[in-house]
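Chain letters run A, B, ... following the sequence lines, proteins first, then strands; residues in each count from 1.
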2 protein chains.
Amino acid sequence: MSDKTASLKDVAGAAGVSVATVSRLLNGSLTLPEETRKRIEDAIRDLNYRPNPHARRLSRGRSDTIGLVVPDIANPFFATFVAAVEAEADSRNLAVSLFATLNRTGREVAYLELIERKHVDGLIFVTNHADDGQLATHINQVGKVVIADEDVPGADVPKLFCDNEQGGYLAGRHLAAHGHREVLFVGSPQEMISGLRRFDGLRRALREHWGEDIVPASYRGNYTVEFGREAARRFIAEGMPSTAIFATSDEITIGIIEVFREEGISVPGKVSIVGFDDVAPFHLFAPSVTAVRQPVRDIGRRSLALLLETNWQDLASPAPQELMPVEIVVRESVAPPAKR
Amino acid sequence: MSDKTASLKDVAGAAGVSVATVSRLLNGSLTLPEETRKRIEDAIRDLNYRPNPHARRLSRGRSDTIGLVVPDIANPFFATFVAAVEAEADSRNLAVSLFATLNRTGREVAYLELIERKHVDGLIFVTNHADDGQLATHINQVGKVVIADEDVPGADVPKLFCDNEQGGYLAGRHLAAHGHREVLFVGSPQEMISGLRRFDGLRRALREHWGEDIVPASYRGNYTVEFGREAARRFIAEGMPSTAIFATSDEITIGIIEVFREEGISVPGKVSIVGFDDVAPFHLFAPSVTAVRQPVRDIGRRSLALLLETNWQDLASPAPQELMPVEIVVRESVAPPAKR
């Protein structure tokens with residue numbers, strides 16, 4: 001095959017249509033008469049045209065590709081986040097290269113290096129493990145990184161989180177209004193801002209309602225179904241010391257509900273539950289699950305906008321941090337505390 | 001920064017440990033004494049070592065990177081598939097570049113070209129729209145592609161599907177055994193093998209059970225929640241002409257159940273439902289949903305194995321096609337037909 005790359009203009013000329021028409025056909029945003037479409041496709045074939053951001057990159061010295069680094073794509077929260085970034089990038093004619101780190105620092109660092117190698121123009125970076133400083137160092141070195149969802153302390157780049165504290169507060173206020181004072185927090189360690197701020201919000205709501213220096217009990221672990229299951233088993237083994245549980249991710253919530261079902265523990269008859277994320281189809285569960293909803297798609301879209309809009313040559317220090325609003329979606333998993 | 005790249009050996013030498021130890025630390029597969037770990041990390045920093053498959057690529061003339069092309073990452077089925085490929089690639093020390101096509105031919109073709117440009121060593125390719133021949137032509141041109149999940153007819157490369165016909169058969173047999181003869185098929189068009197084969201399997205089971213030339217009714221559309229909702233509304237508008245529905249994806253199933261809930265139509269009291277995929281948390285739904293389960297993670301793992309094991313210099317024609325077994329997971333959404 002020839003190394004000479006035909007341009008969009010060559011294709012348009014050969015097909016006798018405008019460049020905009022070819023471009024929009026390739027983007028799928030235009031429906032053309034069959035005959036016109038065929039003429040363009042023939043021209044594309046004949047000229048061996050490659051409608052490819054990576055081809056453009058070669059000619060323009062930019063990749064027109066955004067890198068997106070997430071811990072685990074099988075998690076529907078991250079999958080939805082990624083899809084939102086993809087859609088936003090597509091609308092701006094950018095390609096996205098996606099990398100899953102499995103939460104390993106070695107892989108995270110490797111993907112950060114892609115910026116230096118010009119494989120991507122910038123990175124949206126999501127991690128959900130605590131950092132010992134190594135990640136922050138690398139991020140500050142490579143620049144052009146937007147951190148989303150979970151913090152990397154010490155990294156001085158733009159950051160975008162959901163309003164975790166407000167989310168915890170909404171959960172706590174809803175539970176307190178139903179009469180719950182002993183609420184178990186199940187979530188990530190205090191070293192993670194999600195674990196810290198959601199807990200702080202819960203505590204603030206409970207103190208506000210009950211007028212006491214309440215410190216909610218907490219089980220700390222990973223945002224996984226398995227940790228949810230562990231937490232539920234521990235909760236049962238400890239004699240169910242709380243009347244309600246604030247389960248701070250979809251996966252944790254699912255794990256807890258699975259074990260409660262197996263053990264015949266009624267929700268909300270025996271224990272009330274408020275979840276967090278609300279990406280899972282909680283509305284179809286039995287009972288449907290009340291949860292704090294993260295604006296996952298908005299966070300995805302806004303992350304890309306931040307990456308593109310930031311003036312990287314003249315970045316303020318500390319770099320800006322944005323919080324996206326959360327809401328509570330009330331369903332059926334909260335009721336007044338069971339009589340002891 | 002220097003362009004000179006330090007090797008793993010340099011790092012190991014500077015830290016006074018073996019190459020294997022450094023490598024395993026970076027892979028996260030080894031827990032070391034704090035002091036040893038720090039020594040290695042200092043060496044990495046001092047030498048500016050980049051534990052990066054893309055760096056290796058530059059030195060070895062291969063990318064050590066697999067491309068993975070899927071329609072839509074927000075769909076948990078694809079997300080789970082991708083995660084399985086990621087995990088398998090990681091265990092083989094390969095990187096994965098993931099691309100979402102949003103089901104647009106222009107983007108699909110662009111990503112296929114990555115192979116020719118040596119950005120990736122090979123591609124696992126998933127599409128879920130019908131092809132007019134354009135995709136097949138490109139795939140045959142670039143080679144080194146494994147097609148998974150849904151067919152691209154005319155593409156002569158290794159292919160891997162779930163056993164769609166058997167899945168349809170299992171659903172049909174389960175419904176027939178409960179007394180259902182009028183079963184509505186809700187799924188993709190006949191041009192897609194999933195739509196064709198799942199329907200064929202359903203029909204075979206119903207004919208086998210009832211000894212008649214039954215042709216199930218069918219509504220055809222996309223594997224989306226929105227199409228599931230449309231199908232449910234049409235089903236109601238047509239006076240609920242079947243006693244059971246075979247909903248051939250998680251998303252379709254969710255859409256149908258949402259509308260039935262809103263309209264107060266009892267499952268399985270009024271209509272029985274069998275789903276397909278079983279990636280969604282159907283076990284926690286009310287009622288829990290009986291579904292044909294795809295071995296999604298196995299399909300992901302096996303796709304990568306096929307890509308790596310195939311002798312591309314000497315590929316048989318037609319290229320091999322593999323089917324992965326499915327099973328039916330029986331829960332609570334099927335009961336005998338309601339009295340009319």
Using a cut-off of under 4.5 Å for heavy-atom pairs, which of A:Pro76, A:Ser288, A:Ala100 has the most such pairs with chain B?
-> A:Ala100

Between A:Asn103 and A:Asp72, does any side-chain donor sit less than 3.5 Å from a side-chain acceptor?
-> no

Proximity breakdown for B:Asp132 and chain A, heavy-atom pairs closer than 4.5 Å = side chain

Per-residue contact mode, B:Ala280 against chain A (heavy atom under 4.5 angstrom) | neither

Identify which part of A:Leu102 has an atom lying under 4.5 Å from any heavy atom of chain B, answering side chain, backbone, both or neither.
-> side chain

Give, as side chain, backbone, both or neither, the part of A:Val82 having an atom under 4.5 angstrom from any heavy atom of chain B.
-> both

Ignoring hydrogens and angles, state whether a donor on the side chain of A:His138 or A:Glu108 is under 3.5 Å from an acceptor on the partner side chain.
-> no

Heaviest contributor of heavy-atom pairs below 4.5 Å to chain B, chosen from A:Pro287, A:Ala79, A:Ala87, is A:Ala79

A:Ile254 and A:Phe285: side-chain contact (heavy atoms from CB on, under 4.5 Å), yes or no, with the steps?
-> CA-CA 10 Å; A:Ile254 287 172; A:Phe285 280 29; 4.0 Å; yes

Aromatic centroids of A:Phe81 and A:Phe78 separated by under 6.0 Å | no

Are the side chains of A:Ile273 and A:Thr290 in touch, meaning some heavy atoms are under 4.5 Å apart?
-> no

